[in-house]
J.: 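Have a look at the structure that comes next, please.
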Amino acid sequence: MKRTYQDLNEEQREAVVHNAGPALILAGAGSGKTRVITYRIIRLVEEMKVSPFRILAVTFTNKAAQEMKDRVANLAGYQQAREIFIGTFHRLCLTILKLHADKLGYQPGFTIYDDSDQKAVIKECLWDLKLDEKQVHPYAVHSHISAAKNELKDPKEYEELVAGIFQEKVAQIYPRYQQKLRENNAMDFDDLLFNAVLLMKKHPEILEGYRRRFEYVQVDEYQDINSAQYQLVSAIAHPLNNLYVVGDPDQSIYGWRGADIRNILRFEHDFPGARVFKLQQNYRSTKSIIQAAQAVIRNNSQRKEKELFSLREMGETPTYYQAEDDKDEAEFVVKTVYERLGQPGRSFRHVALLYRTNAQSRVLEDACRRHNIPYIIVGGLKFYDRKEVKDMLAYLHVLVNPKDSVSLRRMINTPIRGIGSGTVAKLEENAKQQDLSMLEAARLAATSGEFPKKATQALANFVAMMDSLIAERDLIAPSEFVKHVLERSGYLTDLATDDSLESKMRAENLKELVNSVLDYEKSFEKSAEGNTEEAAKKPTLEGYLDQVSLVADVDKLEDKKNCVTLMTMHNAKGLEFPIVFITGMEEGLFPHNNSMEEDDDVQEERRLCYVGMTRAMDVLYLTGAACRYVYGTPQWRAPSRFLSEIPKDMIQVTGKAASIVATQGGLYEVKDVKKKEFDELKDPEWDDEPVMAPYAIGDTVRHKHFGKGMVLALIGSGDDLTVTVSFPNHGKKQLKAKIAKLEKVE
DNA sequence: CGGCGTGCCCTTTTT
DNA sequence: GGGCACGCCG
């Protein structure tokens with residue numbers, strides 16, 4: 001069958017009919033990049049007669065992978081689609097590593113440690129090294145190690161480049177951290193990439209195998225690729241370099257995770273002879289939304305020339321609402337959602353509420369609940385992060401990988417079975433001295449008589465339980481087995497002993513966990529888990545755990561339910577909604593305080609703003625609050641600079657905070673106060689008075705030593721009020737209002 | 001050993 | 001505001 005690609009535009013068609021050799025597709029937001037990449041794959045199979053088995057397509061999220069699989073299956077048929085390796089980087093690496101784990105000194109059943117497991121291991125290291133975790137923050141240590149791995153630096157290489165006291169500490173911790181992971185037969189997320197690359201380096205014959213296998217390599221979201229991913233992809237694509245990458249430098253928002261935007265910017269340099277295609281027509285949004293988004297992104301200096309345009313109608317001019325405080329902001333959002341729902345063809349599912357930080361979701365959530373708006377939150381506290389679910393997963397991890405002592409420590413006394421912290425500490429000591437896993441140490445202790453009688457008995461019971469569970473593990477279906485573990489562990493019985501609502505919820509969540517195992521099993525019936533080299537053809541507990549470790553919340557976002565969606569802008573990438581609210585448009589929040597010093601960081605924030613705005617199809621609201629509660633204290637901040645980058649005629653301004661006006665460029669005058677309408681909607685109990693501050697953003701003040709300056713932000717109230725002032729000759733200063741005694745100047 | 005209360009400090013974003 | 005570590009008491 002010869003396809004004519006009539007449903008593609010000229011730009012898209014040119015990109016699709018590219019044959020061999022490297023190609024870079026610069027695809028603006030909403031320009032149909034997924035469509036292009038799927039058609040490309042189909043063309044490889046149907047016209048160029050490439051065996052599906054020889055095609056690799058890598059994405060960043062499972063959701064993107066699934067969508068691509070579905071589209072290929074729809075167009076080319078299911079049989080073709082399942083032969084193609086379409087998956088995330090992490091899934092690709094995991095698949096490779098499972099096949100060759102032994103070559104790196106791992107066993108195939110290795111566990112993937114999540115954030116909290118990683119943190120636990122770091123803490124152990126700190127403890128071993130007698131470092132104070134108050135001074136050396138585990139989180140900071142881990143992010144350094146993570147960054148090192150993303151740049152493919154092993155502990156030795158890291159040590160050589162150490163600069164500063166903190167990094168010296170990290171250099172001590174890093175090798176120990178790796179050693180502990182190895183002892184637990186565990187890898188962290190970054191190891192998946194790092195070890196896959198390492199494997200290829202150490203074993204050229206394995207690399208050669210994958211080179212021969214994957215003749216055509218496609219990469220989605222290329223702007224977000226880090227060094228390790230770059231190495232992997234370019235190694236596999238070499239020497240044919242049939243490397244087809246799609247991305248948008250303006251949507252690179254993962255720099256903090258090691259993504260290096262330079263990879264896309266220098267693609268033509270790295271792969272000589274590369275052809276470049278641009279997709280600049282946006283199909284998603286109205287003209288006025290695209291114009292506003294373009295106006296913002298234009299302020300970035302590091303860009304590839306690309307001008308997005310929309311052929312849709314002008315549509316509604318985006319609105320900026322300046323709220324008094326965060327609650328007022330939430331009320332505005334909710335009220336507007338109701339207004340919009342009155343319009344034909346609109347329902348809750350068409351609305352997304354976006355924000356910069358997860359902490360912002362709470363106020364929005366409260367407002368939704370008060371006004372009976374159904375909502376789902378993507379990200380934040382995930383299902384798999386709940387205590388009871390993590391406990392049960394810890395059981396399963398140990399049962400699959402008995403060396404996993406981090407998980408063992410979590411479940412050994414949950415529910416309480418008389419193995420207290422003293423006993424655990426002693427076990428740990430024994431394990432370390434005799435070079436055993438914790439479970440082995442427990443097994444020994446159960447018979448040695450070294451422990452007190454009660455503890456010995458408790459350990460003996462525990463070991464017997466674990467041994468019998470391990471023996472049963474592969475005899476029944478994973479879902480049956482999980483049910484069995486819930487019973488045998490006494491976890492459910494323990495929950496049943498008190499009838500609090502919380503316990504009931506937990507029991508409910510554990511049922512849901514069993515359901516998720518059932519879903520996993522079902523996916524095998526239709527055999528959608530389509531990678532042929534997936535070692536096992538039938539569902540296993542190990543396979544289930546792998547999957548859980550690799551799924552993110554967005555992946556499961558179903559649009560069946562009629563709910564408003566709440567999520568961060570990071571999570572929103574790749575999605576679209578008719579009506580979008582971007583909340584928290586304030587200096588210090590967006591752009592975030594931690595990203596305001598370096599120009600590169602501000603540029604990334606701006607790209608994030610661009611990503612957020614371009615999610616909107618028809619209607620876009622930008623909202624910000626003059627005063628917001630952070631960690632329980634009020635903070636006053638100026639409107640985001642990104643607002644002032646949108647020309648006046650491209651945005652309509654409204655709000656009720658007439659007293660505090662934008663200072664960034666002083667562009668906004670607040671008109672059209674809609675207070676009356678709010679009061680009708682508001683729950684009276686909710687409407688507490690905002691905290692007043694003696695200064696306002698934009699005030700000029702005089703300081704004894706620093707002279708005249710302008711107020712940029714206010715944090716706290718009363719005696720704790722801290723004022724951020726910018727002085728012409730002394731720069732930014734944070735001053736305690738009580739001590740500094742700033743004098744207001746007219 | 002284990003339950004419970006107090007106080008501290010923060011996570012910006014996530015596969 | 002709230003999760004987590006620590007300390008006290010039954």
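Labels below follow one simple rule: chain letters A, B, ... track the order of the sequence lines, proteins then strands, and each chain is numbered from 1.
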J.: Do any side-chain nitrogens or oxygens of T568(A) fall under 4.0 Å of OP1 or OP2 in dT14(B)?
T.: yes

J.: At under 4.0 Å between heavy atoms, what does K119(A) touch on the DNA or RNA strands: base, sugar-phosphate, or nothing?
T.: nothing

J.: Is NZ or CZ of R607(A) both nearer than 6.0 Å to the six-membered ring centre of Y610(A) and within 45° of the ring axis?
T.: no

J.: In whole Å, measure the gap between the C1' atoms of dA5(C) and dT12(B) for me.
T.: 24 Å

J.: Heavy atoms only, 4.0 Å cut-off, all strands: where does F60(A) land among base, sugar-phosphate and nothing?
T.: sugar-phosphate

J.: Of H90(A) and S595(A), whose nearest nucleotide on DNA chain B comes first from the 5' end?
T.: S595(A)

J.: Tell me whether K119(A) forms a cation-pi arrangement with Y139(A), defined as NZ or CZ under 6.0 Å from the six-membered ring centre and within 45 degrees of its axis.
T.: no

J.: Under 5.5 Å centre to centre and under 30° between planes: does that hold for H592(A) and the six-membered base ring of dT12(B)?
T.: yes

J.: Using a cut-off of 4.0 Å on non-hydrogen atoms, how would the nucleic acid contact of Y139(A) be classed: base, sugar-phosphate, or nothing?
T.: base

J.: Within 45 degrees of the ring normal and closer than 6.0 Å to the centroid, is that where the cationic atom of K98(A) sits relative to F110(A)?
T.: yes

J.: Indicate whether any N or O donor in one side chain lies under 3.5 Å from an N or O acceptor in the other, for E365(A) and Y375(A).
T.: yes

J.: Once ring pair (Phe, Tyr, Trp, His ring centres under 6.0 Å) is applied, do any residues pair with F89(A), and if so which ones, sequence neighbours excluded?
T.: F60(A)

J.: What pairs of residues pass the salt bridge (charged side-chain N to carboxylate O under 4.0 Å, His left out) test when at least one of them lies in residues 224-236 of chain A, not counting sequence neighbours?
T.: D224(A)-K573(A)

J.: Can you see whether Q118(A) engages D114(A) through a side-chain donor-acceptor pair at a distance of less than 3.5 angstrom?
T.: no

J.: Is the distance from OP1 or OP2 of dT13(B) to the nearest side-chain N or O of N358(A) less than 4.0 Å?
T.: yes

J.: Rounded to whole Å, how long is the line connecting atom CG of N593(A) with atom P of dT12(B)?
T.: 9 Å

J.: With a non-hydrogen cut-off below 4.0 angstrom, is T423(A) in contact with a base, only sugar-phosphate, or nothing?
T.: sugar-phosphate

J.: Between N594(A) and S421(A), name the one whose nearest nucleotide on DNA chain B is closer to the 5' end.
T.: S421(A)

J.: Which part of the nucleic acid does N413(A) contact within heavy-atom distance under 4.0 Å: base, sugar-phosphate only, or nothing?
T.: sugar-phosphate

J.: Which value, in whole Å, describes the distance between the C1' atoms of nucleotides dC4(C) and dT13(B)?
T.: 23 Å

J.: Rounded to the nearest angstrom, tell me the gap between atom CD in Q118(A) and atom P in dT11(B).
T.: 15 Å

J.: Given dG3(B), dT15(B), dT12(B), which nucleotide is nearest the side-chain atoms of R356(A)?
T.: dT12(B)

J.: Which nucleotide of DNA chain C is the first, and which the last, in the 5' to 3' direction, to come under 4.0 Å of a heavy atom belonging to chain A?
T.: dG1(C) to dA5(C)

J.: Measuring from atom OG1 of T583(A) to atom CG of L354(A), what distance do you get when rounded to the nearest 0.5 angstrom?
T.: 7.5 Å

J.: Between atom CE in M187(A) and atom C1' in dT15(B), what is the gap in whole Å?
T.: 16 Å

J.: Looking at N571(A), does any N or O in its side chain come under 4.0 Å of the phosphate oxygens OP1/OP2 on dT14(B)?
T.: yes

J.: Take atom CG of D115(A) and atom C1' of dT14(B), then tell me their distance rounded to the nearest Å.
T.: 8 Å

J.: Find the distance Q360(A):CD to dT11(B):P and express it as a whole number of Å.
T.: 17 Å

J.: Distance check needed: dT11(B) P versus I122(A) CD1, whole Å only.
T.: 14 Å

J.: Name the closest nucleotide to the H137(A) side chain, picking from dG2(B), dC10(B), dT12(B).
T.: dC10(B)

J.: Stacking here means centres under 5.5 Å and planes under 30°; does W256(A) stack on dT13(B)?
T.: yes

